[in-house]
Amino acid sequence: MTIPATESKPVSTKATRNIRVYSTLSGRKEPMQTVQPGKVGIYLCGPTVYKPSHIGHMVGPVIFDVIKRYLTYCGYQVTLVVNVTDIDDKLIHESKNRGLTMPALAEEMTADYLRNLAAMGVDTIDHFPRATANIDGIIRFTQGLIDKGFAYVSDGDVYFEVGKDSGYGKLSRRSVEAQQGEGGEMAARKRAPGDFALWKGAKAGEPAWDSPWGKGRPGWHIECSVMSHAILGKTFDIHGGGLDLVFPHHENEIAQSESLHGQPQAKYWLHNGLMQAADEVGKVGGRQTRGADAAQLGADQQAQTAAKISKSKGAGPFRELLAKHAPEAIRLLLISTHYRSPILFSEDEIVRNAEKLETFYRFFKRYQRLTGEDVYTLPAARSAAEGDFSSGDDPLLVELARQRAAYLDKMDDDFNTAGAIGHLFEIVTALNRYVEERKLEAALKAGDEERAALRRGALVVRELGGILGLFRQAPKAPAAGGDELVGKLVGLLIELRNEARKTKNFAAADKIRNELAAMGVKLEDRAGGTDWSIAK
RNA sequence: GGCGCUGUAGCCAAGUGGCUAAGGCAGCGGAUUGCAAAUCCGCCAUCGUGGGUUCGACUCCCACCAGCGCCUCCA
């Protein structure tokens, strides 16, 4: 599409952004106003480290990695905290099963988690507090709640008394009366079924710490209240986590923290959708299946369902997924859906996202051919102000500025990465169109003005991609493609084929190309010569 | 049963009370190419079903259908 001349006017982006976030607490989008000007404190609930992480564990970190990148880009000083819960019933059970000490198990699984985050390019987390390193704080916090009358000691356990907290249920919109609580031995020690443990007396053989109430260990929830307070303060800006943590985990955190401190724990509660695994083929995740497929499935009673991945067979160790797929493709999959929506997981979907990335990679190669510059070494802007540029009336620059502005608007709107990505594609299309219209590939080279225009485009792609954690470095070549001998052999075949093409022996030329294609080697003829690549 | 979320083209997925309902994949037509590939241009949806509110809804309300999460640490 050609830009009408009347619209070729300068476009500028505002340096200060108006960011809106959806908070589970209010149930609507709210303008983000930080506790302290220019600063944002974020606490994200991390894993209980008793098993290797699966892809579901990557959703929150990747999303909040993007959120931090964007807020930083907008000029905020952001502190991102992700806790590691390393004391819990599940850890105790699993360590017994494996014949390990609990700390040894926690250490192993924490290392696995951190390795996976690193592989995914999540390097924006400032603190990884661990529950077992904060036992003193947990005891003090618990004692504070007892002193204030919100908690009571019962036979070595300490429970939070839900009935004492008038605000209880405000996050998950549940009434105290509706809480059934767990049954069994613990129920007998509680005043009300909904009361939950802040501290659990130790059973024989369990890890335990000394406390005013005897030997024991922290309950679930309390560590997050304590650690978020210790690092971010009584009231911080954003508390995040998976949708499955709304109740009871976050509800109980709020109860503990706000009862003790008498002020809100967090201004905004952001919850990401859960990754789901398809049990059967076809559309899942809340959509109806229609037409012939539905009839067939119905007849076979194979109504497809999806399930939270952590409870499905799809929850294999993440490191196995990393061995097969590019981290950047996995990242793109995770951010191609709005963070509050469920993401349907399948390996096919990762492959589709890898193919989407090729559009960008091909443009980067094209850019290198035309300008001699490596896109990855360009000095991409790291803030909105830095990235602003004057478009003048050049149609390409106007389009770039327009798409960039639209992209940022999407990000302002509750971090709408899926919408923003659409503009990223539009930008590449505009740049390719520019190259086509000016026939730059045939000329083998761009002129000065054209180089400047393309450079601006490449800079914008890097700038906006960088917000999403994309295009930070060149993707690793497929292992098979890195083989030196393969390169030489393919080079020889290309040479033979091009000689055949010169003598118009197209049968021979096509045979070489087709046979190579069958082996997964793709050839592309262009003015400057023939390129080849290994098909994924 | 309760609370919450979701249902947009063959597939993935944004979005809006009323201009042409983003973008990607696939498909079709064209440009380009010796032929391809890549790239560009064009085509391809009335928004789960049924009501209601409204001058007007896909976008608000109700019901229904379908799916998902949680309803306490149990496995």
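First the proteins, then the strands, lettered A, B, ... as listed; each starts at 1.
Between the P atom of B/U39 and the CG atom of A/L370 lies a distance of 14 Å, rounded to the nearest Å. Rounded to an integer number of Å, the gap from CZ of A/F196 to P of B/C71 is 15 Å. To the nearest angstrom, P of B/A38 lies 13 Å from CZ of A/R369. Rounding to whole angstrom units, OH of residue A/Y339 and P of B/C5 are separated by 13 Å. As a whole-Å value, the separation of A/L274 CG from B/C70 C1' is 10 Å. For the pair A/N353 CG and B/C11 C1', the interatomic distance rounds to 12 Å; values are reported in whole Å. Regarding A/F364, its CZ atom lies at a distance of 14 Å from the P atom of B/U39, rounded to whole Å. Following rounding to the nearest Å, A/W269 (CH2) and B/C5 (C1') show an atom-to-atom distance of 19 Å.
Within the structure, a side-chain polar atom (N or O) of A/N432 is placed less than 4.0 Å from OP1 or OP2 of B/C40.
Listed nucleotides B/C71, B/C3, B/C40 differ in distance to A/F247; the shortest reach to its side chain belongs to B/C71. Of all nucleotides listed (B/A75, B/G4, B/U39), B/G4 comes nearest to the side chain of A/R173.
Figure legend: A/R340 and A/Y22 shown as a cation-pi pair, the cationic atom lying under 6.0 angstrom from the six-membered ring centre and within 45 degrees of its axis.
Aromatic rings of A/H239 and A/Y268 (six-membered ring for Trp) have centroids beyond the 6.0 Å cut-off, not under it. Between A/H221 and A/H250, the gap from one ring centroid to the other reaches at least 6.0 Å.
As rounded to the nearest Å, B/G1 and B/U59 have C1' atoms that lie 31 Å from one another. For the C1' atoms, the distance from B/G56 to B/A66 is 30 Å, rounded to whole Å. For the P atoms, the distance linking B/G24 with B/G42 amounts to 11 Å, nearest Å. Between the C1' atoms of B/C60 and B/C41, the separation comes to 40 Å (whole Å). If you take atom P in B/A57 and the same atom in B/U20, they sit 16 Å apart, rounded to whole Å. Nucleotides B/A21 and B/A14 have their C1' atoms positioned 10 Å apart, rounded to a whole Å. When the C1' atom is compared between B/C68 and B/G30, the two are found 44 Å apart, to the nearest whole Å. Rounded to the nearest Å, the gap between the C1' atom of B/A13 and that of B/C64 is 27 Å.
Under the Watson-Crick or G-U wobble criterion, with both distances below 3.5 Å, B/G69 is paired with B/C3. In this entry B/C55 has B/G18 as its Watson-Crick or G-U wobble partner, both defining distances falling under 3.5 Å. Nucleotide B/C43 is matched to B/G27 when pairs are restricted to Watson-Crick or G-U wobble geometry with both distances under 3.5 angstrom. Nucleotide B/A36: unpaired (no Watson-Crick or G-U wobble partner with both distances less than 3.5 Å).
Salt bridge status for A/R130 with A/E223: absent, with no side-chain N to carboxylate O gap under 4.0 Å.
Looking at heavy-atom distances under 4.0 Å, A/N514 makes no contact with the nucleic acid at all. Among the protein residues, A/E349 comes within range of the sugar-phosphate backbone only, with heavy atoms under 4.0 Å from sugar or phosphate atoms but none that close to a base.
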task = Do nucleotides 22-37 of chain B as a string where each nucleotide becomes B, S or -: B if the base has a protein heavy atom under 4.0 Å, S if just the sugar-phosphate does, - if no protein is that close.
result = BSS---------BBBB
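Summary of the strand contacts: A/Y50 and A/R340 both lie near RNA chain B, and taking for each the nucleotide with the nearest heavy atom, the more 5' one is attributed to A/R340. Taking for each of A/Y22 and A/P248 the nucleotide of RNA chain B with the nearest heavy atom, the 5'-most of the two is the partner of A/Y22.
Ring planes of A/F360 and A/F471: tilted class, angle from 30 to 60°.
A distance of 10.0 Å separates CG in A/L333 from NE2 in A/H325, rounded to the nearest 0.5 Å.
Under the 3.5 Å distance criterion, the side-chain polar atoms of A/N353 are matched with a main-chain donor or acceptor of A/E349.
The shortest side-chain heavy-atom distance between A/R456 and A/L400 falls under the 4.5 Å cut-off. A heavy-atom distance below 4.5 Å is found between the side chains of A/P61 and A/L44.
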